[in-house]
Each structure stands twice: as structure tokens, then as C-alpha cells.
2 protein chains.
Amino acid sequence: MTTMSDVARRAGVARSTVSYTLSGIRPISDEVRDRVHAAMRDLDYSPNALARGLASRRSGIIAMLYPLLERGISLSGRDHIWAAAEEARSAGYNMVLWTTAVDDIDGLGELVQQGLVEGVILMEVRHNDPRVAFLSDAGIPFSEIGRSCIEGVAPFVDTDFDQTAFDALAYLDELGHETVVFVNHPRSTIDSGYGLAVNFQAAMETAAQTLGIELLSIACDTQFRAGYDAFSELAAARPGISAIVSTNERALVGVMEAVRRLGLDVPRDLSVVAMLSSAETAESAIPALTTVSPAPYEMGRTAMASLLECLDSGVRAGAQTLVASQLTVRESTGPVPSRN
Amino acid sequence: MTTMSDVARRAGVARSTVSYTLSGIRPISDEVRDRVHAAMRDLDYSPNALARGLASRRSGIIAMLYPLLERGISLSGRDHIWAAAEEARSAGYNMVLWTTAVDDIDGLGELVQQGLVEGVILMEVRHNDPRVAFLSDAGIPFSEIGRSCIEGVAPFVDTDFDQTAFDALAYLDELGHETVVFVNHPRSTIDSGYGLAVNFQAAMETAAQTLGIELLSIACDTQFRAGYDAFSELAAARPGISAIVSTNERALVGVMEAVRRLGLDVPRDLSVVAMLSSAETAESAIPALTTVSPAPYEMGRTAMASLLECLDSGVRAGAQTLVASQLTVRESTGPVPSRN
DNA sequence: CTGTTAGCGCATTCAT
DNA sequence: ATGAATGCGCTAACAG
């Protein structure tokens with residue numbers, strides 16, 4: 001391992017000069033800078049992160065806390081991660097992923113007390129999220145993707161659920177649909193305070209009321225069969241349903257299978273709007289799904305940017321950003337069928 | 001931030017005594033130990049990881065390199081991560097997830113030169129994986145989940161593809177099936193050297209030959225529609241196909257839809273064996289899928305254990321473990337239909 | 001513009 | 001069984 005002293009010796013300068021060449025926080029003559037760079041290259045020098053962190057009290061590491069829930073890391077989760085990691089890197093930080101559970105506060109405590117991470121990004125934020133209270137108390141800079149009930153202690157970025165729900169329902173309203181079925185995540189997920197399940201439910205209800213649409217909400221396990229069963233049941237109880245909105249992708253596949261088994265056709269008899277971010281998934285379905293899609297990449301980027309700003313400024317609270325979803329009309333929606 | 005000196009002062013002992021009570025590598029009297037522990041508790045002390053790492057030259061951090069590929073992090077990926085992280089933690093290490101791309105060797109270099117990580121676990125190992133050569137040259141301890149063509153430089157753990165393929169085909173053979181369609185990942189994935197795609201293809205061919213089964217392999221994009229189209233085409237060209245094996249879950253859903261559209265029934269007319277690890281997925285399909293399932297948890301645990309052993313012993317090479325898959329018969333397989 | 005020096009918080013080698 | 005002293009590799013005053 002080659003150290004800064006080695007570089008200094010070879011370049012014929014003081015250690016601090018090498019340090020300052022690296023950080024650039026004080027002027028260095030071109031000649032010296034070149035000599036130092038040459039020495040670093042010759043010796044294949046690369047600074048020791050631990051030593052740098054210890055001396056500067058800044059580790060350069062941001063942790064993204066991504067609890068591995070039962071649904072695994074979804075496609076949109078991948079985009080969040082990527083975007084945040086890229087944003088971090090372009091600012092000279094490294095991002096690591098920590099998979100401690102939401103309620104493993106001891107684990108979080110250990111992690112954070114060790115002084116390894118400068119800041120934290122929270123994924124899968126729940127309405128009543130113990131991590132938010134803990135980090136806030138501990139004074140660790142953090143930002144949230146999603147939103148907890150404790151506001152003002154940190155920046156967050158979340159999907160604009162109101163806009164999303166309104167756009168989806170307004171579109172169906174234009175097509176003449178008067179009753180819409182909303183397929184949500186299961187009761188247990190809603191109760192645990194999962195943002196998408198809770199906030200989108202509320203947003204759908206508000207939007208339906210505004211538009212004068214009748215909303216039938218069903219909570220459904222994230223499984224093919226659960227969707228299949230739920231829709232079969234509902235269709236028997238309420239024949240003539242003409243539109244579905246769903247955030248529950250796996251259940252939706254089952255719903256659509258049930259629709260087929262009933263001899264119905266999408267979009268002729270039934271319109272489907274899915275809330276999901278992967279265009280690939282939407283387009284590989286038959287028929288291709290009309291979607292309202294959140295913008296995970298934008299969200300990840302923004303969450304990291306807000307956090308880095310907190311680190312720079314020393315201010316804890318920060319930007320509260322809502323990111324709009326986009327409606328993309330594909331083949332799964334059409335005008336309400338005429339009643340004969 | 002409270003330091004070791006604070007603890008020492010409060011306990012009325014030397015700094016080194018606190019250090020030794022923490023590490024336990026030299027005898028401490030009960031009385032002093034208690035005093036030190038009390039002081040630590042009172043001051044809510046927790047050791048600084050950067051300082052400890054700098055002084056001991058051991059960061060206690062293992063990095064799992066998990067490039068985010070287009071298929072995202074799958075359900076089995078989640079198990080690998082969980083298992084490895086747990087194993088690490090129980091040995092006093094922390095595991096972080098790094099999402100640098102497979103061919104981002106510069107990024108890996110930076111990461112590793114910084115002295116932040118003591119060891120590395122490679123996921124998504126490709127047959128010709130640049131990371132293997134790099135880490136091997138750099139002398140960084142690592143282990144692989146999957147297998148590259150460079151052997152003997154590090155421990156690895158991989159699915160026993162030969163056993164897996166043989167079990168699947170032998171079961172179909174018993175049921176009387178003489179021709180089996182194998183739905184693999186797309187050509188591009190195979191060409192990139194993705195282990196599952198490459199090795200399982202070879203294993204299937206060998207097993208088919210051994211058993212005297214005719215194998216029809218098709219490479220298929222990981223999309224519903226790709227599977228749908230591929231099977232529709234194949235069924236037209238080769239009517240009377242009675243069995244399918246697939247590693248490509250998303251394509252398989254399309255395949256089964258195509259089967260239905262052709263008026264065929266699973267398992268009456270067609271048997272389906274899926275290679276996937278999630279029992280949940282298998283059971284939520286209609287009909288529930290017969291599977292050969294690899295053991296991702298076991299693999300993740302073993303990979304981490306092997307790595308930690310390398311760290312302890314200082315030896316680079318290590319255990320080469322093949323983990324068996326398990327055949328679980330559900331509702332998607334049955335005897336070959338009689339030809340009239 | 002550059003050099004000198006004092007820590008950052010801890011592990012570890014000598015002493016005793 | 002305990003204490004004192006040195007240094008891990010680097011940053012950031014402080015001097016010039």
C-alpha cells in the first residue's frame with residue numbers, strides 16, 4: 001500500500017501539499033501540481049478512505065436503507081437505487097445499500113453510531129416509521145423517499161398521489177365510466193402504513209368524489225390467485241363493472257385472467273389502468289396496459305440531491321418534493337360499453 | 001461524540017484497558033471490566049469504525065457486488081442478500097451492497113483501493129467476468145455466487161445445474177414424455193455468459209442425451225409477449241408437444257397463455273416444470289407450478305461463510321460448493337397424453 | 001504558494 | 001493484570 005508520504009517524497013514536496021493538490025482547497029502552482037500528479041500515477045496511489053474519513057470527519061458514504069420486504073426489490077426500486085447512486089457519485093460520494101428491517105432500530109443505531117455514514121436515505125417509508133424518529137433524534141442528516149407522518153425534520157420526495165389518482169380517474173371519466181374498481185394492496189400492507197397503499201387509497205377516494213365517480217375499493221394479496229378470486233367474486237356481486245384501476249401488479253394479472261374467463265374482453269367490456277413505472281411490463285402484457293407511471297429515477301435523484309444539500313448547508317429540514325406521474329394510454333382502455 | 005478516552009477517564013483506567021476489554025484479547029479482571037462496561041453504558045459509547053479500521057487495518061466491511069441488470073433484483077436475489085448479510089453480521093461484519101456494473105472495473109478499483117472493504121462477494125458472475133480477474137490480481141479476498149471460467153482463485157458456490165436438469169428431465173421421462181421444450185433466456189443473455197443461461201443449457205442437453213429425450217431449446221426474451229409468440233410459433237411447427245421446462249419466468253407466463261389460447265390444458269395436454277426458487281410464485285400460478293428450485297438462502301450463507309474463512313486463514317482459494325435443487329411436484333405436470 | 005505540526009480515535013507493542 | 005507510548009494515513013490549522 002502506497003501512502004501520501006510516499007507520494008510526497010517522490011514528488012519532493014510536503015505531505016500537506018499532496019493533500020491540498022488532491023482537495024484543491026488551496027492554490028498550488030502548476031509545476032508542483034504536475035509533479036504530484038506524476039508521482040501519484042507512478043506509484044499507483046489512491047487515498048485511504050478510512051484515514052481520510054477519520055481526519056476530516058467525513059466518510060463520504062451515504063447509506064440507502066432499503067428493507068427487503070416480502071415483495072422483494074421491485075423494478076421501480078432498481079431505478080430509485082440507480083438514480084440515487086449516480087447522483088451521489090457525481091458529487092464524490094459513495095452510496096451503499098443497507099438492508100436492515102424497518103423496525104430494527106438497534107441495527108440502525110449501531111450503523112449510525114459507528115460514524116461510517118454521513119447521511120441516510122430511507123426507502124419504503126411507512127406512515128409511522130420508527131426510523132424517522134430515531135434519525136431525527138440522533139441528528140443524522142437523512143431524506144425520505146415516501147413520507148412519514150413526522151414532517152419538517154427532513155427533506156422528502158414522494159409521488160404526487162393526488163395528481164396521479166385524479167389523472168387516472170379523470171381519463172376514465174372522459175371515457176364515460178361511472179363506476180371504478182380500485183385494486184389496492186392487502187389490508188395488512190395498508191395497516192402497516194405503506195405509503196403507496198395508504199396515500200393512494202385516500203387520493204383515489206378524493207378524486208372519485210370530485211369527479212362524481214363511484215369507487216369500489218378492494219384490498220387484495222399480491223398474488224395472481226388473489227386477484228383472480230377477488231374479481232370473480234366482485235363480478236358476480238356487481239355485474240356490469242366497466243373499469244379497474246390497480247396498484248397491485250401481481251393481483252392485476254389474476255384479475256385480467258378472471259376477466260377473460262368470464263368471457264369479457266379488455267378494453268371492449270372493461271377498461272384497465274395500472275399504476276406502475278415499468279413501461280416494459282406495461283407493454284408486454286396482452287393487451288398492453290394503459291398506465292399512470294410514477295418517476296422513480298427522478299425521485300431517487302432528487303432524494304439524494306436534497307440530502308447532499310442538507311450535508312452542505314448543515315440544515316436538517318429540506319425540500320419537500322412531489323413528483324408527478326404520467327398517464328400513458330395504451331390498449332387496455334376504451335369507452336364505456338353501451339348498455340342494451 | 002464520546003471517545004475511548006472519555007470512557008477510560010470515567011472508569012479510571014488507561015485507554016488501552018478499554019480497548020482490551022472491548023476486544024477481549026487479553027485478560028481483564030472482573031472488577032475493571034465491570035467499571036469499563038458501566039462507563040461505556042453511562043456515556044452511551046460506541047467505537048468509531050473509521051478509527052478502528054485505520055488502526056487495525058480491518059474495516060469489518062464486506063461488499064456484495066450486485067450489478068443491477070435489466071431484470072432487476074429478483075426474488076431469489078433477495079434471499080442471497082439476506083442470507084449473506086445475516087451470516088456476515090453474526091460474525092461481526094457488516095455487509096453493504098454495491099451496484100456497480102459488471103464491466104465497471106474502474107469503479108471497482110476505486111472502491112477496493114480505498115481500503116474500505118475487506119472482502120467482496122460477487123453476484124451475477126458471468127462466464128468471462130472481468131471482476132474475477134481484477135480482484136484476483138489485486139489480491140482482494142472474494143467469493144463468487146455463480147462461477148466464472150477462471151477457477152481456483154476464489155471460493156464459489158453455485159447451483160448444481162447438472163443435478164437440477166437431470167431431476168427435472170428424469171421426472172418428465174418417468175411420466176412418459178419423449179420430447180421436451182426448454183425455454184431459456186434470450187440469446188443476448190446467453191452470449192453475455194450469464195451462468196444460469198449458459199450452464200443450465202449445457203446441463204439440459206447432457207441430461208436429455210442420457211435419458212434419451214429429444215430436447216427443443218428456444219431462447220426467449222424475458223417478456224410475456226415473447227413467450228406467447230415463441231410458443232405459438234413452435235406449436236404450429238411441432239404439434240403434439242407434451243412438456244416444457246423453463247428458467248425464464250416472465251416468458252413462461254406468456255407461454256402458458258398461448259397454451260390456453262390453443263385450447264390446450266395444463267397438465268392434461270402439456271406438462272410444465274419451472275426452475276424458480278419462489279414457492280410463492282409457483283403456488284400463485286394457475287395451475288400451481290411444479291418446480292425445481294435452487295436454494296438461494298443456502299447459497300448466500302455459504303458464499304459469505306467461505307469468504308470469511310478466507311479472511312481468517314489468509315488463503316485465497318477456498319471451498320467450491322454446488323448446492324442441490326429440489327423438485328416439488330404441484331399441479332402443472334402429469335402423464336403424457338395418449339395419442340389417438 | 002509551500003512547509004511544519006498537531007491531532008482524528010483506536011490497536012498494539014513495550015514496559016511494569 | 002494494567003499503563004504508557006507509538007503510529008495507522010490523512011486533514012487542517014498555523015507558520016512562513
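In what follows, chains carry the letters A, B, and so on, assigned in the order in which the sequence lines appear, proteins first and then strands, with residues in each chain numbered from 1. Values below: all heavy atoms of this structure, side chains included; hydrogens, waters and symmetry mates excluded.
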The residue, B/S56 or A/A55, whose nearest nucleotide of DNA chain D is more 5′ is B/S56
Categorize B/L50 for me: base, sugar-phosphate, or nothing, with a 4.0 angstrom heavy-atom threshold over every strand shown. nothing
Distance-only donor-acceptor pairs under 3.5 Å for side chains of residues 144-155 of chain A, two or more places apart:
from	atom 1	to	atom 2	distance (Å)
A/E144	OE1	A/S148	N	3.2
A/R147	NE	A/D158	OD2	3.0
A/R147	NH2	A/D158	OD2	3.1
A/S148	OG	A/I150	N	3.0
A/S148	OG	A/I150	O	3.4

Bounded by its outermost nucleotides with an atom under 4.0 Å from a heavy atom of chain B, the footprint on DNA chain D reads D/dA1 to D/dG9
Full working for side-chain contact (heavy atoms from CB on, under 4.5 Å) between A/F156 and A/L322
CA-CA 8 Å; A/F156 70 75; A/L322 292 184; 4.2 Å; yes
Does a side-chain heavy-atom distance below 4.5 Å link A/W98 with A/L108?
no
Donor-acceptor contacts, no H, no angles, side chain residues 47-63 of chain A, under 3.5 Å, sequence neighbours left out:
from	atom 1	to	atom 2	distance (Å)
A/N48	OD1	A/L50	N	2.7
A/N48	OD1	A/A51	N	2.9
A/S56	OG	A/R52	O	2.7
A/S56	OG	A/R58	N	3.3
A/S56	OG	A/R58	O	3.4
A/R58	NH1	A/E118	OE1	2.9
A/S59	OG	A/I61	N	3.2
A/S59	OG	A/L116	O	2.6

Ordered by number, residues from residues 4-25 of chain B within less than 4.0 Å of DNA chain D (heavy atoms) are B/G12, B/V13, B/A14, B/R15, B/S16, B/T17
Nt span of DNA chain C in reach of chain A heavy atoms at under 4.0 Å, 5' end first, is C/dC1 to C/dG9
Axis-to-axis angle across the helix from C/dC1-D/dG16 to C/dT16-D/dA1, five pairs each end, nearest 10 degrees, ~ 40°
Sorted by chain and residue number, the salt bridge (Lys or Arg N to Asp or Glu O under 4.0 Å) partners of B/E86 (sequence neighbours excluded) come out as none
Rounding to 0.5 Å, atoms CD1 (B/I121) and OH (B/Y66) come to a distance of 13.0 Å
Separation between CZ (A/F142) and CG (A/L65), nearest 0.5 Å, reads 11.0 Å
Spell out, as yes or no, whether a donor-acceptor pair under 3.5 Å connects the side chain of B/T2 to the backbone of B/Y45. no
Item checked: Side chain to side chain, A/M299 and A/T321, heavy atoms closer than 4.5 Å -> no
So the side chain to side chain donor-acceptor pair (under 3.5 Å) pairs with at least one residue in residues 309-319 of chain B (sequence neighbours excluded) are none
Between B/R26 and B/A49, whichever has its closest DNA chain C nucleotide further toward 5' is B/A49
So the side chain to side chain donor-acceptor pair (under 3.5 Å) pairs with at least one residue in residues 7-23 of chain B (sequence neighbours excluded) are B/R10-B/D42
Within residues 29-48 of chain A, the residues having a heavy atom closer than 4.0 Å to DNA chain D are A/Y45, A/P47, A/N48
In this structure, CE of B/M304 is separated from CG of B/L311 (nearest 0.5 Å) by 9.5 Å
Taking every heavy atom of A/H80 against every heavy atom of A/P296, the minimum-distance pair comes out as CD2-O, 3.2 Å
Only pairs under 3.5 Å count here: list side-chain donor-acceptor contacts from residues 32-40 of chain B, not counting sequence neighbours, and write none if there are none.
from	atom 1	to	atom 2	distance (Å)
B/R33	NH2	B/I28	O	3.1
B/R33	NH2	B/D30	OD1	3.4
B/R35	NE	B/A11	O	2.8
B/R35	NH1	B/E31	OE2	2.8
B/R35	NH2	B/A11	O	3.2
B/H37	ND1	B/R33	O	3.4

Those residues at least two apart in sequence (or on a different chain) that pass salt bridge (Lys or Arg N to Asp or Glu O under 4.0 Å) with B/D104 are A/R89
